[in-house]
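Because only heavy atoms are used, hydrogens play no part in the values below, and waters and symmetry mates are left out as well, while side chains stay in.
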Amino acid sequence: MKKLLSFIITISLFILPARAADWAEVEDGEDVAEAVFAEGAVPADASELVIPAPSAILIERETGTVLYEKDADRKLEPASVTKVMTILLIAEAIDAGEIDFDDTVIASARAASMGGSQVYLKEGEEMSVREMLKCIVVSSANDCAVAMAEYLAGSEEGFVIRMNERAAELGMVNTSFKNCTGLYDDPTHLTTARDIALMSREVLSHRWIRDFTTIWTDTIRDGAFGLSNTNKLIRFYPGATGLKTGYTSRAGRCLAASAERDGVEYIAVVLNCATTEDRFESAKTLLSYAFANYTTVKVLPGSVIPPVPVELGKARFVQPVLAEEKSVVVKKSEAGSIESSVELIETAKAPVAEGDILGRLTLTLGGEELASVDLVAAGSVNKLGFFDVFLSLLGKLF
């Protein structure tokens, strides 16, 4: 009896401190019925959407166009959705060549001591950047997040400075990060649905990150330790591409969700949900609303753009092309009514440099401008020299 009592006390001491934060996220959502993820009737107007989440936003990833928002600038604790920024900084360091997927990261005592969702790193344990990132993305591993923060910046404190600097660069004006995990209930660790959408969009600009965010189950330590994605949309919602769940008692249940179909990707962020079902239902409803009602249209001319004459140029004409690729998001029912118009200068004076502005292409819908793009010279045209002019005159004479 004494041995049994001792065992119960030991286990309780291990579990209770962890549950003070987001330990529940390890299991959160496992019992949600698949019916929650089934797509039923979707309203045609945003005003008809019923979203249980107190704070939410829906955007199209490529353009950043906001399609729906509900108290999206309310400052709230994001729990483990904080790790979207942690993941972003890791991804940027990889793409910049500062670190490599195969680099070895050694867990510090502090990283190994983290509670909540974790893979139970031991002090001194070695793991690759690839495995660390997988644990953070799939299982929301707080220990791996801190280990990577220390690897990139020397300390979590130094990494948090980088987090806030990057947030400012992205225009996340209502965000203040205090740690890299979101593990703790902290009334000063705040962000908003809108700001989370901004950093989620930036993370998804790294196409390869989907190799991690779409993992449903996997293993580490040569198959000895299993990982299961805390984002149940990955398994149950068609086209889901990510991104990150979060939960603490104060933050409630949070989610940055993304999904892509037919080359169009949407991001839905929901914060402070009362239940797991509310979290996934809110995100699913927003994503389904977007897929049912919206599409992206490339900014393209309605017909071939004519060349522009060049005055005193070695070439008589220069061809205008679009300065950049651009898309607009519109209701599917309105896509066929979009009109494009082209304005070009009458003549260009040589010399013409590649990229010189020659005009503008504008898309309109019902008389309102949707987007416009500069038309620029596809190549350069040198100015005729004296000898060139002389030969040209001779040619006309004889």
Would a single hydrophobic cluster contain both Met127 and Tyr120, if residues Ile, Leu, Val, Met, Phe, Trp and Tyr are joined by side-chain heavy-atom contacts under 4.5 Å?
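They do share one cluster, since a chain of ILVMFWY contacts under 4.5 Å joins Tyr120 to Met127.
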Does one side chain, of [X] or [Y], offer a donor that lies under 3.5 Å from an acceptor on the other?
X	Y	result
Thr362	Ser372	no
Asp185	Thr248	yes
Arg210	Thr241	no
Ser155	Glu150	no
Tyr237	Ser288	yes
Thr230	Thr245	yes
Ser80	Lys244	no
Thr285	Glu281	yes
His189	Thr82	yes
Arg74	Ser55	no

Less than 4.0 angstrom from a charged side-chain N to a carboxylate O is my criterion; do [X] and [Y] meet it?
X	Y	result
Arg110	Glu156	yes
Arg316	Glu311	no
Asp73	Arg194	yes

Tell me the ring pair (Phe, Tyr, Trp, His ring centres under 6.0 Å) pairs involving residues 45-78, sequence neighbours left out?
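Every pair satisfying ring pair (Phe, Tyr, Trp, His ring centres under 6.0 Å) with a residue in residues 45-78: there are none.
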Which pairs with one or both residues in residues 340-378 pass ring pair (Phe, Tyr, Trp, His ring centres under 6.0 Å), sequence neighbours excluded?
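Every candidate ring pair (Phe, Tyr, Trp, His ring centres under 6.0 Å) pair involving residues 340-378 fails, so no pair, neighbours aside, qualifies.
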Using the test ring-ring contact (aromatic ring centres under 6.0 Å, His included), find all partners of Phe159 that sit at least two apart in sequence or belong to another chain.
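Phe159 satisfies ring-ring contact (aromatic ring centres under 6.0 Å, His included) with no residue once adjacent residues are dropped.
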If I take atom CG from residue Leu88 and atom CZ from residue Arg162, how far apart are they, to the nearest 0.5 angstrom?
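Reported to 0.5 Å precision, the distance equals 12.5 Å.
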Take Lys134 and Asp218, measure what salt bridge (Lys or Arg N to Asp or Glu O under 4.0 Å) needs, and give me the verdict at the end.
CA-CA 9 Å; Lys134 181 167 66 174; Asp218 208 327; 3.5 Å; yes
Apply the side-chain contact (heavy atoms from CB on, under 4.5 Å) test between Thr295 and each candidate in Glu60, Lys331, Lys332; give the one that qualifies.
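So the option named by the test is Lys332.
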